[in-house]
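Structure record follows, encoded as structure tokens.
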Amino acid sequence: MRMVFGKIYEGGHSQFRCAVRRVRTIIAGCVTGIFAVLGGGAAGPYYGVASANDGVPELAPTVTHALLHHPQVAEANARVCQAVHRLGLNRAEARPQLGLSISGGRQILERVKGQNGRPDRRGRSESGKSLSQLDDDDVDVDDEASGAHRRDYAHRARDHIYDGTLSVRYNLVDWGQSRNAIEAQRLRHQVARIDAENILAERSFQLLTLALRLALFDRVVQTQLATTAVIGAEVTSIEARVAAGAGRLAELREAKLLLLDSEIDINRASAQRDQVLERLAFDYNLGADDAAHLLDVYTRNRPEPLMYLDSAEISRVRALRLQITATEHEERQIKGARYMQVDGVLDGTVFDLADYEDEYEMVGRLEFRMPLYDGGTARARLRETAWRGRELKSSVQTQQRAHSSESELVALQFHQLAREIGEETARLAALESRRESVQARQGQTIVSPLELANLQMQIGRTEARLIELQMEQEQVRGRALFLAEELTSVLRLNLGDDGC
């Protein structure tokens with residue numbers, strides 16, 4: 001290679017310049033092709049291009065499944081299901097209660113004292129009659145008999161007799177306890193639903209951040225590879241000049257240091273890319289293609305301007321206000337428990353199921369219940385509920401201030417990044433213009449491969465910095481969508497109905 005470049009150099013500056021350009025083109029093309037093969041298409045731009053026949057792009061089932069079945073999202077969905085069933089429990093307790101009971105028994109063994117304290121060991125049918133057929137003369141017991149003896153005859157009259165009772169109970173007056181309990185639980189279910197949607201949005205933003213970082217490192221590595229290829233061509237040119245006696249060893253050492261710095265930048269970006277891939281696989285069980293797909297859907301659906309949502313309308317504030325309303329219903333429920341409650345009860349009893357003779361009765365009654373003294377429990381619960389309401393009201397103000405502050409910070413960051421992108425773009429244009437002038441001057445008078453290598457190193461780092469700023473601005477835009485609660489809509493994500 002040194003001999004080739006030495007002959008080219010001896011042939012004149014114009015031939016040398018053409019040869020160097022050919023080598024740059026060949027090396028850059030080979031590096032780009034190898035990177036495209038290894039990266040599986042990741043070397044291309046991260047912006048997806050929608051065809052004219054495409055509809056609204058949606059996430060692939062693998063990405064949707066990874067987000068909806070993330071442990072934190074599944075945990076939040078479980079809390080929603082718990083709230084649903086607690087709501088059903090409150091509603092069930094407010095409905096009429098129906099119960100069935102069967103009472104009765106059969107004597108297995110007895111030993112009681114008869115008259116004068118002597119044991120009475122008669123069997124249950126010694127008189128020759130069944131216990132249900134005994135009349136009053138058969139079971140007459142004098143006053144001197146023991147109490148157990150008298151109770152024994154009373155028990156024999158009920159032996160082997162089973163009565164069935166069907167009871168219906170309904171609360172007639174509870175001063176709004178059931179209604180307030182149901183309403184409070186319904187509001188808690190809405191709060192759990194909002195929390196689950198917020199957690200899904202947080203996981204989506206985290207995955208979007210990882211996808212952006214992966215695209216950042218892919219593009220940076222691609223840029224650094226192209227830079228390294230050009231610097232390598234200049235190092236080869238300097239080696240040829242040194243071999244021909246027209247260059248200095250100091251220039252060659254400096255050019256090799258530039259090449260080493262460029263390779264270090266590539267290794268650093270590749271290591272960071274591997275870390276992002278490991279986190280994608282560990283947290284979401286996804287790969288580079290899934291992240292690129294997510295980023296493609298995001299960039300095709302997102303709006304250009306920054307999204308903003310007023311702090312009074314954010315979901316966390318709405319959830320806190322729902323909790324405040326729930327505490328008010330809970331307070332009414334506690335107050336209603338201090339008054340008299342009225343239950344209506346209807347009992348239907350069928351007598352002697354074992355020897356049914358169409359004997360039954362229906363009894364209706366009203367039950368009045370009122371707590372007279374509870375040791376201050378109701379008062380303590382009311383005070384605790386009142387202080388919880390104050391806490392929630394303070395939390396509303398805290399959330400509003402935090403949202404406003406963060407939204408303003410995001411807007412400032414976005415405009416600051418836009419300004420820096422403009423500056424870096426201008427700097428890149430100036431460096432490229434300077435490189436063109438140096439290349440044009442080299443073809444006429446002076447040959448300075450080291451100066452070209454330095455310029456290419458500066459251009460490569462400026463391009464990497466510009467890519468970093470663009471990705472950071474895109475991340476800030478995604479943060480604004482997350483704060484405006486539009487990110488899940490952009491990604492076409494829906495928590496769905498309660499799968500409980």
Side-chain angles (χ1 to χ4, degrees), residues 59 64 67-68 70 72-84 87 183-212 294 297-298 301-330 387-417 472-498:
L59 292 178
T64 304
L67 286 171
L68 295 180
H70 189 274
Q72 294 184 3
V73 179
E75 180 183 357
N77 190 53
R79 288 194 292 267
V80 175
C81 294
Q82 294 175 34
V84 168
L87 177 59
E183 187 63 22
Q185 192 56 50
R186 186 183 66 82
L187 295 174
R188 293 191 185 99
H189 168 250
Q190 294 181 10
V191 171
R193 177 80 182 184
I194 291 174
D195 291 341
E197 291 175 350
N198 287 337
I199 291 177
L200 177 61
E202 290 176 1
R203 296 305 96 203
S204 302
F205 178 68
Q206 183 187 39
L207 181 57
L208 175 62
T209 302
L210 292 175
L212 284 169
L294 173 75
V297 173
Y298 166 77
N301 292 341
R302 64 163 176 78
E304 282 295 330
L306 282 183
M307 301 297 293
Y308 177 78
L309 182 64
D310 187 73
S311 60
E313 299 177 1
I314 61 176
S315 58
R316 287 184 174 84
V317 170
R318 287 190 288 111
L320 289 171
R321 287 173 178 166
L322 290 174
Q323 292 183 54
I324 293 173
T325 307
T327 57
E328 294 174 355
H329 287 287
E330 186 177 349
W387 280 107
R388 183 153 31 101
R390 295 182 183 180
E391 176 192 1
L392 292 172
K393 291 177 181 178
S394 300
S395 298
V396 168
Q397 297 179 2
T398 301
Q399 289 290 339
Q400 288 180 340
R401 293 179 181 178
H403 178 79
S404 299
S405 176
E406 193 167 3
S407 298
E408 292 177 1
L409 180 60
V410 165
L412 289 175
Q413 288 178 345
F414 187 83
H415 295 302
Q416 176 70 18
L417 288 170
E472 189 175 352
Q473 187 185 40
E474 201 62 44
Q475 183 177 350
V476 171
R477 191 195 303 274
R479 181 69 179 174
L481 283 171
F482 168 69
L483 293 176
E485 301 177 1
E486 294 290 340
L487 182 58
T488 52
S489 299
V490 169
L491 296 177
R492 297 298 187 269
L493 274 175
N494 186 14
L495 195 60
D497 298 330
D498 301 323

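Atoms considered below: every heavy atom in the structure, side chains included; atoms not considered: hydrogens, waters and symmetry mates.
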Separation between CG of Leu417 and CD of Glu472, rounded to the nearest 0.5 Å: 4.5 Å
Note, Leu294 side chain near Ser204 side chain (heavy atom, < 4.5 Å): no
Close side-chain approach of Arg479 and Gln413, heavy atoms under 4.5 Å: no
With sequence neighbours excluded, residues passing side-chain contact (heavy atoms from CB on, under 4.5 Å) with Leu87: Arg91, Ile182, Gln185, Arg186
Working for side chain to side chain contact (heavy atoms under 4.5 Å, CB included), residues His329 and Leu187: CA-CA 10 Å; His329 287 287; Leu187 295 174; 3.9 Å; yes
Carboxylate-amine/guanidinium proximity below 4.0 Å for Glu75 and Arg203: no
Rounded distance (nearest 0.5 Å) linking atom CG of Leu320 with atom CD of Glu391: 9.5 Å
Under 3.5 Å: donor-acceptor pair, side chain of Glu485, backbone of Ser315: yes
Residue pair Ala76 / Ile199: nearest heavy atoms and the distance that separates them: CB-CD1, 3.6 Å
Pro303 versus Val490, closest heavy-atom pair with distance: CD-CG2, 4.2 Å
Heavy-atom side-chain proximity of Ile194 to Arg318 below 4.5 angstrom: yes
Minimum heavy-atom distance between Asn77 and Ala196, given as atom pair plus value: N-CB, 4.5 Å
CA sep, side-chain torsions, deciding dist, call: Glu474, Arg302, side chain to side chain contact (heavy atoms under 4.5 Å, CB included): CA-CA 10 Å; Glu474 201 62 44; Arg302 64 163 176 78; 2.5 Å; yes
Ring pair (Phe, Tyr, Trp, His ring centres under 6.0 Å) partners of Phe414, counting only residues at least two apart: none
Minimum-distance pair of heavy atoms, taken over all atoms of Val80 and Ala192: CG2-O, 3.3 Å
Rounded distance [0.5 Å steps], CG in Leu392 versus CH2 in Trp387: 13.0 Å
Taking every non-hydrogen atom, the tightest pair across Ala411 and Leu306: CA-CD1, 4.0 Å
Any residue meeting side-chain contact (heavy atoms from CB on, under 4.5 Å) with Thr64, in chain and number order, not counting sequence neighbours: Leu59, Leu68, Leu493
Nearest-0.5 Å distance, CG of residue Asn198 to CZ of residue Arg316: 4.5 Å
4.5 Å side-chain heavy-atom contact, Val73 and Leu495: yes
Nearest-0.5 Å distance that lies between atom CG in Leu208 and atom CG in Leu487: 6.0 Å
CG on Leu207 to CG on Leu212, rounded to 0.5 Å: 10.0 Å
Side chain to side chain, Asn301 and Arg492, heavy atoms closer than 4.5 Å: yes
Side chain to side chain contact (heavy atoms under 4.5 Å, CB included) assessment of Thr325 paired with Glu183: CA-CA 9 Å; Thr325 307; Glu183 187 63 22; over 6 Å; no
Tyr308 versus Ser407, closest heavy-atom pair with distance: CE1-CB, 3.6 Å
Which residues share a side-chain hydrogen bond (donor to acceptor under 3.5 Å, both in side chains) with Glu328, sequence neighbours left out: none
Those residues that, when tested against Tyr298, pass ring pair (Phe, Tyr, Trp, His ring centres under 6.0 Å) (two or more places apart): none
Any side-chain donor near an acceptor of the partner, Gln82 and Arg79, under 3.5 Å: no
Non-hydrogen side-chain atoms of Arg477 and Glu304 separated by less than 4.5 Å: yes
Can you give each donor-acceptor pair under 3.5 Å made by side-chain atoms of residues 396-403, sequence neighbours left out, with the distance rounded to 0.1 Å?
| from | atom 1 | to | atom 2 | distance (Å) |
| --- | --- | --- | --- | --- |
| Thr398 | OG1 | Ser394 | O | 3.0 |
| His403 | NE2 | Leu309 | O | 2.8 |

